[in-house]
Amino acid sequence: MLDIAYLRSKREELIEALRKRGYDVSIVDKLVELDERRRKLVKEGDDLRKLRNEKSEEVARIKKSGGDASELIAELKKVSRRIKEVEDEQKKVEAEFRELWLQIPNIPHESVPLGKDETENVVVRYEGEKPEFSFEPKPHWDIGEALGIIDFKTAGKMSGSRFFILKGYGALLERALINFFLDINTHKHGYFEVMPPVLVKEEAAYASGHLPKFREEMYYIDEDGLFLVPTAEMALANLHRDQILDESALPLNYVAYTPCFRREAGSYGKDVRGMIRVHQFNKVELFKYTKPENSYKELENMLENVGHILKLLKLPYRVVQLCTGDLGFAASVTYDFEVWAPGLGRWLEVSSVSNTEDFQARRANVRFRRKSTGKLEFVHTLNGSGLATPRVFIAILENYQQEDGSVVIPEVLRPYMGIDVIKA
RNA sequence: GGAGGGUUAGCCUAAUUGGUAAGGCGGCGGAUUUGAAAUCCGCUGGGCUCUGCCCUUGGGGGUUCGAGUCCCUCACCCUCCGCCA
């Protein structure tokens, strides 16, 4: 959610931002009109309430001194009826305004390249060397099924498409990745570990910015009104909802492992094979609460943290800055990390690192009191995957595959696995 | 699932039969002090067209001229019963 000032005093900036993102800008006129109507109603209501407050006290005085206030009460009855009318109208206008306002995305940061969709994203840098093979590299589903560590067929039988079962060393590799990600982020990168619920209430989904826009993307438990989290970000963005944080405690750095659940409603027929795009996967998520003036420094820091993990795994990757047309709803700026998958012959997104500035904090109402001014300010929040497992799993199988079908384990994972290579 | 008790500002706590939220702690600023403590004074929820006004007692709704207080409803917390890995 944006500062309302974007509607009142910085309207040109708002319109410009919507244009860059490819949004319909006519919504702005509607919002301005609703805002003006709302302000008029507030004024009228305030005046009426003032009248009621004054006259009611008069009633109290008259009654105390034993007088007859029935005439005044009759008059106030009318005032109260009118107040009710004005308030009802105000509520209607406010609800209408809120519904539209919640659909306004964040303002892209000035560094974000202009573009209409993902084809215009900009590769910032490449890291690591793509491996050379003396044979035709296989896709992970062939490698995994031959080794008996991935089972798509049985998963389909019990849960449907876009699910998978990891077995034996496959399950162990997955567990090793989760632990490695958590260990490095807590021990080396300075994040505080949290294990949150994976079912959250509707208001939590609004606070994180996932509702109203991404309702279709989430699993919903109707009976209890709970959503399965599509990312731990949703839980971490609610850790301090409606709180005033200590300025000296910032930045707060959190890391959480959770399974993530996505309906993939809009992606029929896309990446149906393998575990590139699945309904349930594991992810270790990074999240920061910072002071506004430090959020871009902290963004750099988070980008370094994510890159460091991929370097330790010795996987070739590239960093891509999303253009205005591809930028997520709540983000001011986003960098994706894409890892090379030689069996598939393509880059796979394994992390998305964003600064939402105060957009999410405003929705979740997370503030701090600045000592130098004594004023309350919204914090800035940042989120990034560090990392999501299935695609890293894919990249390991495909980059570390050997001609005989075995897969060498990256050195940093060997202490977790107890073996150097997965053989058939 | 059932019964009862709770929710007041950052925290803690008051408020006769319904009459328009009183204090304390902590924090910040100031006075005093060589400095600190102690003491004293002020500020310490949000909004607006800001000498002032409006809103705010967990959320929403109702009764009333007027609701922290009465009624309905929802959420959360505590105690007990039931169920349960």
Side-chain angles (χ1 to χ4, degrees), chain A residues 1-9 31-32 34-99 101-102 195-208 211 220-227 234-235 238-250 252 289 291 358 361-379:
Chain A
M1 186 162 68
L2 290 174
D3 189 339
I4 197 105
Y6 277 103
L7 207 56
R8 296 180 185 163
S9 57
L31 280 163
V32 168
L34 286 168
D35 186 43
E36 275 164 10
R37 272 173 64 196
R38 187 189 73 84
R39 287 211 271 182
K40 263 186 207 133
L41 288 164
V42 167
K43 170 74 174 148
E44 189 181 351
D46 276 4
D47 290 346
L48 286 165
R49 274 185 292 269
K50 183 185 175 187
L51 182 69
R52 184 185 65 186
N53 289 344
E54 285 170 358
K55 300 282 178 178
S56 281
E57 278 183 72
E58 209 176 316
V59 170
R61 273 201 302 277
I62 291 169
K63 284 200 167 178
K64 221 172 236 170
S65 61
D68 176 19
S70 56
E71 203 172 310
L72 193 52
I73 287 174
E75 186 195 330
L76 278 177
K77 215 167 207 164
K78 281 183 211 151
V79 173
S80 281
R81 259 205 303 277
R82 179 65 192 146
I83 288 175
K84 181 89 175 62
E85 282 168 22
V86 171
E87 283 178 345
D88 286 348
E89 179 67 13
Q90 187 186 332
K91 264 178 223 154
K92 242 174 68 192
V93 170
E94 273 173 359
E96 216 176 318
F97 178 85
R98 182 181 153 80
E99 197 188 321
W101 193 235
L102 284 176
M195 197 168 279
V198 297
L199 288 163
V200 301
K201 295 196 283 185
E202 185 160 8
E203 61 202 76
Y206 270 102
S208 67
L211 283 180
Y220 179 61
I221 316 286
D222 187 43
E223 203 174 6
D224 299 294
L226 294 169
F227 290 87
M234 197 182 261
N238 277 275
L239 272 185
H240 298 292
R241 199 170 81 209
D242 298 320
Q243 283 184 13
I244 295 167
L245 302 174
D246 236 339
E247 184 179 14
S248 61
L250 300 173
L252 286 167
Y289 293 85
K291 294 212 276 182
D358 66 3
R362 202 175 282 282
R363 287 194 175 209
N365 192 27
V366 184
R367 295 171 296 174
F368 74 100
R369 191 178 297 280
R370 191 184 287 282
K371 208 169 172 179
S372 57
T373 60
K375 297 279 183 197
L376 288 172
E377 289 181 40
F378 289 104
V379 299

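In what follows, chains carry the letters A, B, and so on, assigned in the order in which the sequence lines appear, proteins first and then strands, with residues in each chain numbered from 1. Note that this is a predicted model, so its numbers are computed, not measured.
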Q) B:U20, B:C54, B:C65: which one has an atom nearest the side-chain heavy atoms of A:Glu57? A) B:U20
Q.
Counting only Watson-Crick pairs (N1-N3 plus N6-O4 or O6-N4) and G-U wobbles (N1-O2, O6-N3), all under 3.5 Å, who is the partner of B:G29?
A. B:C41
Q | Which nucleotide in B:G66, B:U49, B:C53 has an atom nearest any side-chain atom of A:Ser56 | A | B:G66
Q: Please state the C1' separation for the pair B:U17 and B:G29 - nearest whole angstrom.
A: 44 Å
**Q.** Span that lies between the C1' atom of B:A21 and that of B:G66, in whole angstrom
**A.** 15 Å
(Q) Working note: A:Arg39 + A:Arg8, criterion side chain to side chain contact (heavy atoms under 4.5 Å, CB included); need CA distance, chi angles, decisive distance, verdict. (A) CA-CA 12 Å; A:Arg39 287 211 271 182; A:Arg8 296 180 185 163; 3.8 Å; yes
Q) Counting only Watson-Crick or G-U wobble pairs whose two distances fall under 3.5 Å, which nucleotide matches B:C70? A) B:G62
Q: For A:Ile73 and for A:Arg49, find the nucleotide of RNA chain B with the closest heavy atom, then tell me which residue's nucleotide is more 5'.
A: A:Arg49
(Q) Please report the distance separating the C1' of B:G19 from the corresponding atom of B:C72, rounded so that it comes out in whole Å. (A) 24 Å
Q) Considering every strand shown, what is the Watson-Crick or G-U wobble mate of B:C53 when both distances are under 3.5 Å? A) B:G47
Q. Closer than 4.0 Å, any side-chain N/O of A:Lys78 to the OP1 or OP2 of B:C65?
A. no
Q: Please tell me which of the listed nucleotides, B:C65, B:G62, B:C53, lies nearest to the side chain of A:Val59?
A: B:C65
Q.
Nearest to the A:Arg367 side chain among B:C55, B:G19, B:G46, which nucleotide is it?
A. B:G46
Q | Nearest listed nucleotide, side chain of A:Lys201, among B:C53, B:C76, B:C65 | A | B:C76
Q | Identity of whatever pairs with B:G82 - Watson-Crick or G-U, under 3.5 angstrom | A | none
Q: Ignoring backbone atoms, test whether A:Asn365 places a side-chain nitrogen or oxygen under 4.0 Å from the OP1 or OP2 oxygen of B:G46.
A: no
Q. Only one of A:Phe378, A:Phe368, A:Tyr289 forms a ring pair (Phe, Tyr, Trp, His ring centres under 6.0 Å) with A:His240, so which one is it?
A. A:Tyr289
Q: Quote, to the nearest angstrom, the P distance that separates B:U57 from B:C70.
A: 15 Å
Q: State which of B:C55, B:G66, B:C53 makes the closest approach to the side chain of A:Asn53.
A: B:C55
